[in-house]
Each structure stands twice: as C-alpha cells, then as structure tokens.
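Just so we're on the same page: letters track the sequence lines, and every chain starts at 1. This structure is a prediction, so every number in the text was calculated from the model and none was measured. Atom set for the values below is all heavy atoms of this structure, side chains included, hydrogens, waters and symmetry mates excluded.
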Amino acid sequence: MKKTKRIALDAMLAAVALLLFIVEALLPPLTSIPGIKIGLANAVTLAAVYLCGRRDAAAILFVRVCLGAVFAGNPTTFLYSASGAVLCLAVTCAVCRPLKKTVWVVSVLGAVAHNIGQLLTASVLLQSAAVFWYLPYLLIAAVISGTFTGLCVQFLLHRLQYRKGESQ
Amino acid sequence: MKHIKKLSASNKRWIAVFAAVIVCCILSIILIKNIGGRTAVIYKDGREIARIDLSRLTESYTIPLDGNVILVEPGGIRMQSADCPDQICVHQGVLHDTGRIVCLPNRVLIEMQHTKDAPDAKAG
Amino acid sequence: MRCTVWKNKVLPFLCVCLLLLCCACGRTEKNSASFFAMDTIMQITAYGGTDEAIAEAREAIRELDVLLDATDAKSTLSLLKNGDLLPKTIREPLQTAQMIAAATDGALDVTLYPLSDAWGFYTKNYRVPAQTELQILLKNRGKFSVRDGRLSCTDGTKLDLGCVAKGYAAMCAAEKLRQNGVQGAVLSLGGNVQTIGRKPDGSDWRVSVADPLHPDGTVCDLFVGETAVVTSGSYQRSFTENGKTYHHIIDPATGAPAESGLLSVTVVCADGTTADGLSTALFIMGMERGTELWKSGSIPFDALWITEDADVYVTPGLAERMEQSNETYKKAICIK
C-alpha cells in the first residue's frame, strides 16, 4: 500500500471512529450502571488493526481518544476512555494474529480489557475498590457489546474481501 | 456467506467460554445483591464524608457536595442532582438495602454497608 | 450445526442461570414495614410469614395506641372510672407496672400524668414548675389498685401507661406475628426493641445501644436471642431553660426529672412490658439501688447502665453478649 493511500485510509478511519464516538456520547445512557456502552468506536480500532496494521491502529485510536475528549467529554472522561482504550489496544494487538479467524473473539477480549481498564482508573480516582462490584455487570456488557461490534467487523472484513497480505 | 452458516470448533469453544463467564457474572451479581445494609456511607475522593443509618431517619434532607446534591430520605438515598455531563448517578435512582451510586466525573461514591456490620435494631 | 451448538451449549447454560435465580428467590422471605405510631417511628422486619402478618401486627399497635393514649381525654384509658372493669389490654400492662412499682419501692409510678403535664412534656409547652406546685401535684395525684379485674381509685387519679405502653405493644405485635407463622422478627418501636426467634441463619440478633451523648451513634452491640431490649435515657426527650436541661423521666419522690447520675439504662428481659417499665424505674433509682434490685432477684433481668462519668456497668448475663465500639465510654464493668 502506498504511503499516501495509507495516510488517507488512516485519516478516514480516525474520522469514522471519532464520529461514532461522538454520536454514541450523544445517546442517552443504556443502563444505570456507569461505563456500559456499545463501544461502536472500538469497532473501527479493531478493523484498523486488520486493515492497516497495529501501529496505524494505535495512531487512529490516539487521535480518536484525544479529539473525542475535546468534542464530547471532559478531562475525567478522557482519563477513563484513554485507560480503557490503551488496555483494549494492548489486548487486541496481542491476540489479533492467533485469533484472526474469529475476529469477534478478539473484539470481546478487547471490550473486557477496555472495561477493566476503566474500572482500574475509577478505583484510583475514587480511591476505593468498591467500583469493582460493577465488574460482573461490566463483563456481561463487554461480552454482549464485544460480540456485536466484533461480528460487525467480521462481516465488514469479509465484505472488503480482506485477505492477509493484501493490506500490507 | 459460508462463514456464518458454519460454526467452527474454535467458535464453539469461545461461545462456551463466554457463556461460562456470563453465568459466573450472574452468579456473583446474585451474591452481591444479597449483601446489604441500611447504612449509607458517602465518600468523596476516597474520603468518608458521612455515614447515615437510613432505618433511623424520620425526615428527608439534602447533602450538598460540591456539584452534587444527595437526597437522604427515610429508608433510601439517592443523587438528586449533579453537574456532571452524563447524569448517570442521578438516573441510578434510590438505594434501599444494597448497591452503590457512583458519580465518576465528580468522584463521589455512595455505598450501602454490609448487613453483618450493621445491627438489626437499635435500643434507645 | 448452529442448532446443535444452541442445544448443547447455550440452552443448558440458560437453564442453569434460571435455576440459580430460582434458588436465590427461594430463601426465607424478608418483609419489613416502617410506620408512625405512639409519637414515634416504628419498624418491623419479619422473616417467614407474609405481608399480612406485618399488617396485623401494625393494626394491633394502632389499636393499643388509641386505647392507651393518656393525652387523649376520650381514650379508653382516660375514661376509666372507679369500679370499672378493666379490659385485658389495660389490665395486663397496669399489673406489670404495679409489680415493678412494688419491687422498686415506687420508683415506677403510673399516676404522674399531672406532673409530666406541668413540665409540659405532653403539650411541648415546656416550663419549670415551682417547687410548691410540684409538691401539691404530687400530694393530689391519687391512688389506685386493681381488685378482681376492677379498677379502684381515688378521685383525681389520672393513669399514664406511657412507661410500659411501647413494651406492651411490642409484645402484642410480636404475638400477632407468631400467630401468622413468622419464625424470626425484630420490632423496633421507637428504640423499644423486641425480637422473635432467631435470624434465618440461626445467629443472634444484633441490637445496638444508642449513645446517650450522641443518639445517632452507638455505645455497644448486644447479641441476643428472643427477648426485649429497652433503653431509657435522659436524652430521649428534654428541654433546656436558663442553661439547665430538664428531661422527661420524672422521679415520683421529687416530682422533678430524676437526677440519678445516669445517662441511660438498657434492660434486657424476656417480657417486653417489664423491660420497658424497668428501664424507666432503674433510671430513676440510679446505680446503687438498681444493682441491689438485680441482686435481690425479685425480677429476673439483665441491664446496662451508662453513668454521667462515662462508666458502663453490666450484669454478668450481658457481659459476654456485648461488643463495645465507642471510645468515649470506659470499658464495661461487670457487677457481681
């Protein structure tokens, strides 16, 4: 892939991720439990890992998190989304190769990591381990939303006739 | 569309793993739900601000805490208002016996204390 | 293929989830209610039994509230005249009060209505009556006795069963709960605690004793089986005039609030009516006479005294059943 095409694709994915992130922030909370959302923006990160490689995915994620905090958030929500995103990306990158046949599993593991990252930040900010009472709720949410976004990405990659080697 | 019609062995394995995770979560949620008390403890930035025995309360009052306003009523406690953007803590409603209300942006935590720590009744 | 996964993996898991949910619901059901009666907040928590059980217990309390209200000139208690046949619900608490009065040299007196009224504890128009006024009221307060279930009293006798009413109401409500199949319950009638059976897990009830200096806090926890736990304290109702605080427990010897050096007395006793009346009597009697009464054994009870010097005294029966939690008060001394 040419450098220009790569930059263009990265920028487009970052824009899509940002858009999804902002739209989701505008929706009312799904449940009364903090931290539970569909995580549409994470679908873009996941797709980017397969389409553009890990390093570019990290860059897209960085841009999305920073700009997302500017457009739809405040310094505290930035901390939550950043910590979740970093952990999510780390897990996604670690398992994306061995599990490339089951992209939805990568997505679920990433979502779980994302929620655990948020809880860790919350426990530090609140200086209390009580937030971990939410862990079971967040894990269930992560499995469901992760499956959903993961299947989306899986179908997307198939539609794009993604095959290993073509994207490099 | 072959890929969605056929579930590979690894797909099945993962479905089983995640189903097990969900079962464990539901189990622990049931367990957590059964732990509770009648004493609400309010924390701000990890520091205990107040400890209120809801069963002994006779009238409602509010506790202002920076941007948050906590409403304490006989038998219940809830976040009346908050200046945070998501308002999740306000939507969490009233706490009676169990659970907790968290306002992440303002670092406020309201938690019901364990039954084991709280007496069944108070004489006097 | 997808169908088999559904059948073999997902469905069984869902079934297990459902089963677990059912198990969680099948535990002993806990019902509770809070309501206002007898000028105070009452709370009933019952394990086993139904909502109707609590409703009936509540109704029993309400009936007694109407019947025994000394401040209502039209209540059954207020309308009693010399020679009237006493209904069971008045006879029983009255006899318990008389029994305590006899055992405590008259420390408990149910004819002090005119004095409490003079101090303004009924109307909340508090005032400090003159010494001579108190003497006259004490002298004219009337005498009564119960013979063959009939009241025999002198003119001007005004009975006030406030010192035993809550304890008696708690007993009646507890009886109603038992009749309705409740195996374990705790009733708190404005700090007047009555328990039934044990907790569903077989453990003792944990009843805390209010801190007389800061009533929101506690002094200690008592671990008790089926019993009544009642505290009388100067902090419960009082007013301040010219820098002096006057509380609601009137000493029949002086007609003024009892000055016995105590902050509160908690009585643990199987009979709720006795526990209620005795806590008042022990508060009036003070430490010394109180311990003598306990030693005499004329009424079996356990008690916890808290003095103005922050000393805590307990009877041996309570010593191993208590857990102190408040640093303000000294370690409990067990009387022998």
Does any backbone or side-chain atom of V108(B) lie under 4.5 Å from a heavy atom of chain A? Answer side chain, backbone, both or neither.
backbone

In terms of heavy-atom pairs under 4.5 Å with chain A, the winner among P105(B), C25(B), C24(B) is C25(B)

Enter the distance from L135(A):CG to S28(B):OG here, rounded to the nearest 0.5 Å.
8.0 Å

Sub-4.5 Å side-chain heavy-atom contact between W14(B) and L109(A):
yes

Does anything in residues 53-73 of chain A form a ring-ring contact (aromatic ring centres under 6.0 Å, His included)? List the pairs, not counting sequence neighbours.
none

Please classify the contact between L99(A) and chain B as side chain, backbone, both or neither, with a heavy-atom cut-off of under 4.5 Å.
side chain

So, for Q92(B) and Y134(A), which heavy atoms are closest and what is the spacing to 0.1 Å?
NE2-OH, 3.1 Å

Just grab all the ring-ring contact (aromatic ring centres under 6.0 Å, His included) pairs involving residues 95-122 of chain A, residues at least two apart or on different chains.
W104(A)-F18(B)

Measuring from atom CG of L125(A) to atom CG of N106(B), what distance do you get when rounded to the nearest 0.5 angstrom?
11.5 Å

Heavy-atom contact with chain A under 4.5 Å, split by part of C89(B)
neither

Passes side chain to side chain contact (heavy atoms under 4.5 Å, CB included), I140(A) versus I29(B)? Steps please.
CA-CA 11 Å; I140(A) 293 176; I29(B) 287 171; 3.9 Å; yes

CG (L79(A)) and CG (L104(B)) are apart, to the nearest 0.5 Å, by 11.5 Å

